[in-house]
Amino acid sequence: MAADQAQFHQLLNSLLSTDNEVRTQAEETFNSLPCEGKVTHLLGAVQNPQMTEEARMMATVLLRRLFSAEFQDFYNPLPPESKEQLKQQVLLTLQQNESPSMRRKICEVVAEVARNLIDDDGNNQWPEFLQFLFQCASAPNVQLQESALRIFSSVPGIFGNQQNQHLQLIKQMLIKYLDPSSDPEVRFQAVRAVGAFILLHDKEDDVQRQFNDLLPRVIMITAESIDQQDDQTLIKLLIDMAESVPKYLRPQLESIFDMCMKVFSSPDVEDSWRHLALEVMVSLSENAPAMVRKRAEKYVTSLIPLVLQMMTDLEDDEEWSVSDEICEDDTSDNNVIAESALDRLACGLGGKAVLPHIVNNIPNMLSSPDWKQRHAALMAISAAGEGCHKQMEAMLENIMQGVLKFLMDPHPRVRYAACNAIGQMATDFAPIFEKKFHEQVIPGLLSLLDDVQNPRVQAHAGAALVNFSEDCPKNILTRYLDGIMAKLENILTTKFNELVEKGTKLVLEQVVTTIASVADTTEKDFVGYYDRLMPCLKYIIQNGNTEELRLLRGKTIECVSLIGLAVGAEKFMSDASDVMDMLLKTHTEGDLPDDDPQTSYLISAWARICKILGKQFEQYLPLVMGPVMRTASMKPEVALLDNDEVQDVESDNDWQFVNLGEQQNFGIRTAGLEDKASACEMLVCYARELKDGFANYAEEVVRLMVPMLKFYFHDGVRTAAAESLPYLLDCAKIKGPTYLEGMWLYICPELLKAIDSEPEADVQAELLHSLAKCIETLGAACLSKETMDEVLKIIDKFMNLHFQKEEKRALARKEEDYDEGVEEQLAEEDDADIYLLSRISDIVHSLFLSYKEGFLPYFQQVVPHFVKLLDPSRTWADRQWGLCIFDDLIGEFCLLMINLYLFLQFALCVPLVRLVWIFVCSYPRSFSSNQ
């Protein structure tokens with residue numbers, strides 16, 4: 001055994017080797033060892049003081065990862081005495097005299113064991129550890145106290161189903177640890193423990209109330225840690241609490257803002273601390289806006305000028321305006337963080353609370369001789385538009401008078417910021433903005449397109465013109481079409497020559513996109529420019545095959561397809577074959593990498609050309625379906641990482657991480673997700689446009705789409721999957737009723753499950769709509785009795801939720817923080833809820849349409865919900881949809897010449913339905929002409 005342990009110690013040292021080959025071989029050896037043997041050796045190494053601390057720390061890391069991934073696999077088969085021995089050994093490691101870093105690693109191991117010894121029913125199978133936690137509270141050993149708190153922070157649910165009986169003991173333990181007489185490190189860990197416990201009970205107001213009196217000490221200790229500027233753990237914990245339990249922080253809100261403002265307003269404080277202090281205040285403003293408006297208004301007044309000044313923290317870079325490569329802004333830069341904060345404050349607190357403070361500061365900034373001040377002011381206008389929409393809309397003319405003149409500012413970055421403001425407002429205030437300011441904006445942007453000395457500015461003017469033209473009414477944009485296209489064609493020619501001579505492409509990439517946007521809006525009026533543009537665009541597609549030209553080629557592919565869609569099949573047909581051949585050649589020469597920007601452009605272009613060619617596109621399906629299906633079926637790379645592992649890779653922009661708590665983080669590689677969503681949307685397009693011409697692919701696509709109803713990594717994928725199903729069923733009709741029935745039997749159960757479990761309201765609405773359309777497509781008898789019962793359960797669930805949400809909003813209107821801003825938020829929630837109600841109405845409509853009088857017995861099971869909608873005390877939207885549903889009922893009876901006596905017998909059992917009957921009979925209805 002000693003020899004084995006010695007060999008294992010050597011293996012640990014090899015795992016720490018800087019020699020890649022030695023380390024790789026050691027990893028393979030370690031992974032090949034049996035799990036129980038690894039646990040024994042690792043525990044032995046942790047408890048062996050003769051080994052180097054580095055090797056022992058490596059043992060703790062490996063042991064924790066092993067417990068995290070394989071605990072139940074090796075623990076459950078152990079005999080009872082071995083289980084007890086393991087738990088005793090693990091507890092023993094805690095009582096060794098260790099360095100702080102080693103003790104921290106040991107705590108993580110113990111916490112992992114404790115987490116795994118709580119079963120699904122909340123039974124804690126390690127009562128000795130609970131006793132140990134309470135013993136630590138009275139023990140004089142500071143290290144044990146600290147260790148107990150670290151473990152409790154990692155596993156705040158350690159008490160399982162016994163928590164309620166221990167709640168007062170837990171509170172007393174934490175109060176003792178928070179006391180000023182406690183060791184500073186113990187107090188620090190006690191704050192972590194309180195935060196973890198409150199976050200675990202983020203939905204349990206009673207628990208939070210019982211721990212309210214701990215909050216002053218928590219904030220005081222957090223302030224002390226900020227003053228020391230050594231460890232950012234507590235201020236990051238405060239951010240988590242601001243996001244998840246902001247109302248728990250209400251009693252100390254002013255103290256929190258005071259503490260954070262002191263840090264944020266001090267330019268001598270390290271930027272990372274200032275960013276975190278700002279994040280606390282912004283998170284509170286987003287998650288408890290009414291509370292902040294009411295209790296922290298004076299801080300908001302001081303905060304916004306400071307945010308505006310942080311936006312001026314820019315570097316002087318003479319190469320910036322002439323750079324041909326645009327590097328994404330570093331998200332840790334002061335100006336980027338400040339601009340994002342201003343946007344979030346405006347969206348969270350609303351324009352009434354934020355805009356006056358922006359307006360008070362911007363005039364002085366715009367008149368400053370310092371270009372950074374002018375730049376920040378214009379970027380602030382861009383950032384505030386979404387959150388301050390209502391207030392800014394009323395003063396657009398004054399704002400535009402101030403912004404337009406900066407298109408001629410002597411500094412290129414200020415001109416850039418003016419373009420940015422105009423482009424953003426064109427989006428935020430469309431189409432009012434386009435109707436009011438086209439006479440000033442279009443000439444102003446066209447003049448900046450001549451800024452050849454500053455390609456970044458020239459390109460951004462083109463980007464602003466895209467924003468403007470996207471939402472500009474066609475009849476307005478066509479007035480300027482000749483002038484716009486003369487400018488764009490000239491730049492296209494010039495920049496194409498520059499590409500050939502110098503290799504520069506930034507402005508060329510943008511002008512191609514701008515031409516596409518103008519064509520998309522002006523449609524048939526664009527025909528006159530087609531013949532001059534198409535040869536150059538086709539040349540770029542044909543010859544732009546190098547890696548550095550991938551984005552240009554992708555944008556040109558998009559441009560050609562949008563021009564084709566704009567001018568129509570008759571004009572585009574002569575080039576369609578050449579264009580398709582060039583696009584298909586891209587894939588026949590080999591699959592594109594996941595991160596190739598051409599992929600999404602190609603897939604979207606094929607869908608547009610499908611719309612243009614209609615049935616004639618069927619000839620290309622065998623060639624395009626392979627690449628589209630490969631992209632649509634792409635599986636994202638995911639990983640479950642501990643906190644240490646995340647620190648190693650969190651700077652990788654291709655990955656996004658979600659903290660799951662308890663030392664676990666879920667990571668997903670986002671590269672390719674947007675392409676996957678685009679490919680799914682294109683499959684919807686093919687099914688919709690080609691109908692029975694797509695029948696041979698319907699089954700394959702259904703088998704792809706149905707599992708993606710639960711692809712929770714991307715809302716767009718689930719939405720496209722839902723939208724596709726009725727179209728695919730329609731495609732499959734040509735294959736006969738048996739085939740169609742089999743397809744529906746595959747779709748229906750999964751669609752119903754997806755509706756029931758969908759977390760996002762927008763996607764849920766599309767799923768409901770998909771179900772309604774599927775029922776309409778298939779007609780009567782498409783639902784078995786069991787399936788009909790499931791549909792009725794869904795209706796019942798959604799209607800109950802609808803009424804519960806209305807009651808919740810009514811209570812919110814009585815809360816002490818209720819104000820105009822809360823009402824706006826509640827109105828938005830109400831609109832979203834009513835949209836879901838409209839989708840429930842779609843299902844009821846489809847069932848009446850398909851089943852006629854056969855649906856009546858089922859309808860009687862849910863009719864009380866719809867009667868409730870008609871109550872005079874309910875909102876007008878509720879009553880409107882209630883009327884629509886009974887309108888469907890009465891309409892079907894009229895259309896089918898159903899015995900009026902039978903209907904009235906049904907209707908008279910519900911007084912409100914009698915009113916509906918009278919209303920509908922006296923109201924002119926389109927169905928009456930079809931009786």
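Remember, it's a predicted structure, so these values are computed and weren't measured experimentally.
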Of all the heavy-atom pairs spanning [X] and [Y], show the shortest one and how long it is.
| X | Y | result |
| --- | --- | --- |
| Ala720 | Cys680 | CB-CB, 3.6 Å |
| Ala459 | Leu506 | CB-CG, 4.1 Å |
| Thr478 | Asp525 | CG2-OD2, 3.2 Å |
| Ser561 | Ile609 | CB-CG1, 4.5 Å |

With a 6.0 Å cut-off on the ring centroids, do Tyr727 and Tyr686 count as close?
no
Which class fits the ring pair Phe713 and Phe711: parallel under 30°, tilted 30 to 60°, perpendicular over 60°?
perpendicular
Plane angle bin for Phe526 and Tyr529 - parallel if under 30°, tilted between 30 and 60°, otherwise perpendicular
tilted
Under the salt bridge (Lys or Arg N to Asp or Glu O under 4.0 Å) definition, can you give me all pairs with a residue in [range], not counting sequence neighbours?
| range | result |
| --- | --- |
| residues 597-623 | Lys615-Glu618, Lys615-Asp692 |
| residues 676-686 | none |
| residues 551-569 | none |
| residues 413-425 | Arg415-Asp451 |

Under 3.5 Å, which donor-acceptor pairs link side chains of residues 460-477 to any protein atom two or more places apart or in another chain?
unit_1: His460; atom_1: NE2; unit_2: Asn420; atom_2: OD1; d: 3.0
unit_1: Asn467; atom_1: ND2; unit_2: Gly423; atom_2: O; d: 2.9
unit_1: Asn467; atom_1: ND2; unit_2: Thr427; atom_2: OG1; d: 3.3
unit_1: Ser469; atom_1: OG; unit_2: Leu465; atom_2: O; d: 3.0
unit_1: Ser469; atom_1: OG; unit_2: Val466; atom_2: O; d: 3.1
unit_1: Ser469; atom_1: OG; unit_2: Ser517; atom_2: OG; d: 2.7

Going by the rule side chain to side chain contact (heavy atoms under 4.5 Å, CB included), which residues pair with Asn543 if we only count those two or more places apart in sequence or in a different chain?
Tyr539
Under 3.5 Å, is there a donor-acceptor pair between the Ser272 and Glu270 side chains?
yes
State the NZ-CZ distance between Lys436 and Phe429, to the nearest 0.5 angstrom.
10.5 Å
How long is the span from the OG1 atom in Thr631 to the CD1 atom in Ile603, to the nearest 0.5 Å?
3.5 Å
Around atom CD of Glu547, are there more than 12 heavy atoms from other residues, nucleotides or ligands closer than 6.0 Å?
no
Would you say that more than 12 heavy atoms from the other residues, nucleotides or ligands in this model lie under 6.0 Å from the CE of Met573, or not?
yes
His438 vs Phe433 side-chain heavy atoms within contact, under 4.5 Å:
no
Would you be so kind as to tabulate the donor-acceptor pairs closer than 3.5 Å made by side chains of residues 358-368, with sequence neighbours excluded?
unit_1: Asn360; atom_1: ND2; unit_2: Pro356; atom_2: O; d: 3.1
unit_1: Asn361; atom_1: ND2; unit_2: His357; atom_2: O; d: 2.6
unit_1: Ser367; atom_1: OG; unit_2: Pro363; atom_2: O; d: 3.1
unit_1: Ser367; atom_1: OG; unit_2: Asn364; atom_2: O; d: 3.1
unit_1: Ser368; atom_1: OG; unit_2: Asp370; atom_2: N; d: 3.0

Could you note down all residue pairs passing side chain to side chain donor-acceptor pair (under 3.5 Å) where residues 386-402 supplies at least one of them, sequence neighbours left out?
none
Could you work out, with ring-ring contact (aromatic ring centres under 6.0 Å, His included) as the rule, every residue matching His275, not counting sequence neighbours?
none
Which pairs of donor and acceptor atoms, one on a side chain in residues 483-497, lie under 3.5 Å apart (sequence neighbours left out)?
unit_1: Lys487; atom_1: NZ; unit_2: Asp450; atom_2: OD1; d: 3.1
unit_1: Lys487; atom_1: NZ; unit_2: Asp450; atom_2: OD2; d: 2.7
unit_1: Glu489; atom_1: OE1; unit_2: Arg532; atom_2: NE; d: 2.8
unit_1: Glu489; atom_1: OE2; unit_2: Arg532; atom_2: NH2; d: 2.9
unit_1: Thr493; atom_1: OG1; unit_2: Glu489; atom_2: O; d: 3.0
unit_1: Thr494; atom_1: OG1; unit_2: Asn490; atom_2: O; d: 2.9
unit_1: Lys495; atom_1: NZ; unit_2: Glu498; atom_2: OE1; d: 3.3
unit_1: Lys495; atom_1: NZ; unit_2: Glu498; atom_2: OE2; d: 3.3
unit_1: Asn497; atom_1: ND2; unit_2: Thr493; atom_2: O; d: 3.3

How would you list, by chain and number, every residue that makes a side-chain hydrogen bond (donor to acceptor under 3.5 Å, both in side chains) with Ser574, sequence neighbours excluded?
none
Asp324 bridged to Arg456 by N-O distance under 4.0 Å
no
Taking NZ, NE, NH1 and NH2 as the nitrogens, is one of them in Asp316 or Lys372 under 4.0 Å from a carboxylate oxygen of the other?
yes
Mind checking what makes salt bridge (charged side-chain N to carboxylate O under 4.0 Å, His left out) contact with Glu439, not counting sequence neighbours?
none
